[in-house]
J.: 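Starting off with a structure, shown below.
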Protein chains: 2
Amino acid sequence: MPVNSFDDYLLTWKPEKSKLSSPLYRSIASMLEYDIINGFLLPHTKLPPQRELADYLDINLSTMTRAFKLCEVKGLIYAITGSGTYVAPSVRNAIYSKEYQNIIEMGIIHPIDETNKMVSDTVKNIVNKDYLESLLNYSYPLGMPYHLMAAKKWIEKANLDMSVDNISITSGGQNTLALALTTMFNPGDKLAVDVYTYPNFIELANLLHIQLVPVKSDETGMIPAELEAVCNLVQGVYLIPTCQNPTAVTMDMQRRKELAKIINTHRLTLIEDDIFSFLGEENLLPISHFVPNHFVYGISTSKSINSGLRIGYVAYSNQFIDKIQNGIFNLNVKTSSFNAEVITELINNGVAEQIVLRKKQLIQERNKIYTKYFNIPANELKLSFFRWLPIPLKAAVNIEARALEQGIQIYHSDRFLTKKHSEAQFIRLSISSPKDTNELETGLLTLKNMLGNTMK
Amino acid sequence: MPVNSFDDYLLTWKPEKSKLSSPLYRSIASMLEYDIINGFLLPHTKLPPQRELADYLDINLSTMTRAFKLCEVKGLIYAITGSGTYVAPSVRNAIYSKEYQNIIEMGIIHPIDETNKMVSDTVKNIVNKDYLESLLNYSYPLGMPYHLMAAKKWIEKANLDMSVDNISITSGGQNTLALALTTMFNPGDKLAVDVYTYPNFIELANLLHIQLVPVKSDETGMIPAELEAVCNLVQGVYLIPTCQNPTAVTMDMQRRKELAKIINTHRLTLIEDDIFSFLGEENLLPISHFVPNHFVYGISTSKSINSGLRIGYVAYSNQFIDKIQNGIFNLNVKTSSFNAEVITELINNGVAEQIVLRKKQLIQERNKIYTKYFNIPANELKLSFFRWLPIPLKAAVNIEARALEQGIQIYHSDRFLTKKHSEAQFIRLSISSPKDTNELETGLLTLKNMLGNTMK
DNA sequence: TAATTTGTACCTTAACATTTG
DNA sequence: CCAAATGTTAAGGTACAAATT
């Protein structure tokens, strides 16, 4: 029975006692869900402490915890130990292409589509091959043997030597991540990630109910000691070793080895995303190389070769072969052989390398322009498609909307944040996306002026 | 403290007491996992009752339950109330293409690839279009506007009238199902399905930790009263209204309306898979038509138009727009515009309809051959790509392996079963997959002889 | 920095449902 | 059809950890 009378007590949310039914925790959760969905509780409203509600409803604290947990996994509320439970905002942070008119795109990272002329030439050649029909049927769900040979070749360029038995073809980088998370982890599992990471990965993890545990970084990437501190808590770790998104930080060999050692010692599962390896130094080895028994390694061709064809490669440890390959059947059945054929042909006829070379030239030029307006810290990748610009706190307010008013799409660091609170403020600027270098200059100049007052 | 001494007690599995550590339930689960993975416990081994283990380890019963639950979600064990807990077999039932030599394929359903000549002609035309490069970039992740118009047109042929705002392009039928399950349900949710259903759907649900609740059918499909009986338990229902896989049963309009009524009344989410609508009667309306506020409707073009290009269409209620579209970004980012263009062109230039017509002719011919050997029940779809053949219990033993020895791949009904135990025995015969009608006849004759002794 | 607030994790108790014999 | 065996579920109790003041 309640210790006090609550009749005149002010709670921000009061479930109706009379509507309680068995099971208690479900009936409470559905009342809360109803009130949030119907707008009676606005985003960021602080709910009463679990203890107060439990007392008010005359039930046990942990029954209340369970009710809240149900709503939390649905994304309706979020809880901070020591602080309280709050109604979740319904904003989505995932980044994807919108068809804007007259907006300079510096938000989403376009992979420099100028090289697509070289791709379309190869497409034209392929349709004249006499085996075209064999590319249009159901066979080889994991990739045709010579498609896998090309994949192996491409993965070797990133300094990972794999048997074709440990390689499959996926429908792009995001698809590889979805595959890795659904097959290697269970809902409720925890995964270590950088404090700032790729927002579509954050949303994917949310969708699959995999909890992210933020780990601090320094100028060389994730700090090994910080990973070690959480590794009894987590089942795996997600890393982008070259040109981490959004910070543009690349790990040196020492850091890669240090992280690998921790992953091996604690038998974590490594999800390595090597999407930008083609922009880094040629002698860097993937972390997976040092974690031969616990890795899933994804290397998309969307940024390096062509984005529209949606082809990614995934390589994995022997012990994961069954899980990954079965996951591919479950999520996709297969990836189109025609699309894989185009990428295979580009790799085999050397055009893929030309494309990479050309992209590097173009992005070097754009980075040079960038330095006319802002600095590039020494630890960040020179040839990055995007830059991570620190801004003062007072400049951060509504900065995305304010930039959009000036005709520029950018993203604020909060989108990339896996923690609840942010300290430092940044914006990520995609310098590969503006249509040409003139547009890039216009964008950078506008931003410089916008930030100007507050930057000094 | 244990009631009895267990030193001389015979348990099929004895966790080492000395290795217990906190948290108890995790340490027990990992000991069990270790013993299963390393082969100390063989599939179908019956584990000791939870109560006995709890007593032996001197811990609480529900701590033991929790430990077992951990292993169960990983697929290592399965439990039957009243009977016991058993080590799970590591077999996977998912059906996918293998590259067999000299085997007559009557297992996996190939969609009659003979019509792919017509597809490759259209592919050749497309590469000469001057907008080819625009098909190779990042834009329009949900589908280009005129691709969505073609999707609308194709969905209308299945008698569902949708706005393009409620349609997206996916990477095929399985991808649509993965999308629907990840976005519309949470792990632990329950979904009503036919007792026999599509095995890749069963595996997908397992992968995503969505529990399937089998619902009985009669000769017109799922029985409405049986669905009603479980609908307080489940959050949704998965239905294949035309040519249910594997039973080849098609629901009449009355059955569709009856099921729709229950879905509406109990606010279930309908996942409707209309993959075979092109083979059914032209005046049948999808169930989604009668459930305008609770449906996700998938119609793959893999069986009807072309399987290799991996294009599916998904239509959905207004209230699901955000969830589905966000799910597409999370799982795939986008589906290749080039591939969508090919299917669009085939729909717009009328070739898709010719393909369907031709497929219907070919499958009619093959069904005619089938009737020379086996009967087709009156309630099953005439133009089905596959047949569902009842067999006597004594014929069922090892039937897949025995058929394979004779050079024929077939699938036994247990693969399709969502319940633990089966009563009746069937085999599913794909009659669309043998290379030609001669091969089909050889396959059917061989099976007839194999079953001959036991069929009478 | 220490005390307090607040959410989290683990384990226990007890009632319940299904299968088996 | 009942009783026993066996797994499942809800809810209570306690210790702990993180954030706040």
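A note on names: the letters A, B, ... follow the listed sequences, proteins ahead of strands, and every chain is numbered from 1. From a predicted model like this one, the values you see are computed outputs, not experimental measurements.
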J.: May I ask you to say whether A:Lys69 pairs ionically with A:Glu72, meaning some side-chain N is under 4.0 Å from a carboxylate O?
T.: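 Looking at A:Lys69 and A:Glu72, the cut-off is met.
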J.: Select base, sugar-phosphate, or nothing to describe what B:Phe68 touches, counting heavy atoms under 4.0 Å on all strands.
T.: nothing
J.: Centroid-to-centroid, B:Phe426 to B:Tyr196, below 6.0 Å?
T.: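 Between B:Phe426 and B:Tyr196, the centre distance is under 6.0 Å.
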J.: Report yes if some heavy atom in the side chain of A:His209 is under 4.5 Å from a heavy atom in the side chain of B:Asn186; otherwise report no.
T.: yes
J.: I'd like to know if the side chain of B:Asp189 pairs up with that of B:Gln211 as donor and acceptor (distance under 3.5 Å, no hydrogens or angles considered).
T.: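 Judged by distance alone, the side chains do not pair up.
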J.: Looking only at side-chain atoms of A:Pro23, point me to the closest of C:dT13, D:dA19, D:dA10.
T.: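 Among C:dT13, D:dA19, D:dA10, the one nearest the side chain of A:Pro23 is D:dA10.
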J.: If you only use heavy atoms from C-beta on, which nucleotide in C:dA9, C:dT13, C:dT6 is closest to the side chain of A:Pro49?
T.: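 The answer is C:dT6.
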J.: Is there side-chain contact between B:Gln244 and B:Asp194, with heavy atoms separated by less than 4.5 Å?
T.: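 Contact flag for B:Gln244/B:Asp194 side chains = yes.
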J.: Report yes if at least one side-chain N or O of A:Thr63 is closer than 4.0 Å to OP1 or OP2 of D:dG12; otherwise report no.
T.: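 So the side chain of A:Thr63 is within the cut-off, an N or O lying under 4.0 Å from OP1 or OP2 of D:dG12.
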J.: Closest to the A:Arg26 side chain: D:dA10, C:dT8, D:dT9?
T.: D:dA10
J.: Round to the nearest Å and state the distance from B:Glu52 atom CD to D:dA4 atom P.
T.: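 These atoms are roughly 17 Å apart.
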J.: State whether the distance check finds a donor on one side and an acceptor on the other, under 3.5 Å, for side chain A:Ser83 versus base C:dG7.
T.: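 It does not, because no donor-acceptor pair links the side chain of A:Ser83 to the base of C:dG7 below 3.5 Å.
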J.: Nearest-Å distance, CD1 (A:Ile59) to C1' (D:dG13)?
T.: 14 Å
J.: Looking at the rings of B:Phe416 and B:Tyr198, which for Trp means the six-membered one, are their centres under 6.0 Å apart?
T.: no
J.: Check whether any side-chain heavy atom of B:Phe68 lies under 4.5 Å from a side-chain heavy atom of B:Leu32, and answer yes or no.
T.: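 Side chain of B:Phe68 against side chain of B:Leu32, heavy atoms only: contact under 4.5 Å found.
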J.: Among D:dT6, D:dT9, D:dA15, which is the nearest nucleotide to the side chain of B:Arg51?
T.: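 For the B:Arg51 side chain, the nearest candidate turns out to be D:dT6.
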J.: Estimate the overall bend of the helix from C:dA2-D:dT21 to C:dG21-D:dC2 from the end axes over five pairs each, rounded to 10 degrees.
T.: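 The helix from C:dA2-D:dT21 to C:dG21-D:dC2 shows an end-to-end axis angle of 10°.
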J.: Base, sugar-phosphate, or nothing: which does A:Leu24 touch, judged by heavy atoms less than 4.0 Å apart?
T.: sugar-phosphate
J.: If you only use heavy atoms from C-beta on, which nucleotide in C:dG7, D:dG7, C:dT12 is closest to the side chain of B:Asn60?
T.: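 Looking only at heavy atoms from C-beta outward on B:Asn60, the closest nucleotide is C:dT12.
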J.: Among the candidates D:dA10, D:dT6, C:dT8, find the nucleotide nearest to the side-chain atoms of B:Lys46.
T.: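 That would be D:dT6.
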J.: Which listed nucleotide (C:dG7, D:dT8, D:dA10) is nearest to the side chain of A:Tyr25?
T.: D:dA10
J.: What is the distance, to the nearest angstrom, from the CG atom on B:Leu61 to the C1' atom on D:dG7?
T.: 8 Å
J.: In whole angstrom, give the distance that lies between atom CZ of A:Arg66 and atom P of D:dG13.
T.: 15 Å
J.: Quick check for you: among D:dG12, D:dA10, C:dG7, whose closest atom lies nearest to any side-chain atom of A:Thr85?
T.: C:dG7
J.: Could you check which of D:dT9, D:dC16, D:dA19 has an atom nearest any side-chain atom of A:Ile80?
T.: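 Between D:dT9, D:dC16, D:dA19, the one nearest the side chain of A:Ile80 would be D:dA19.
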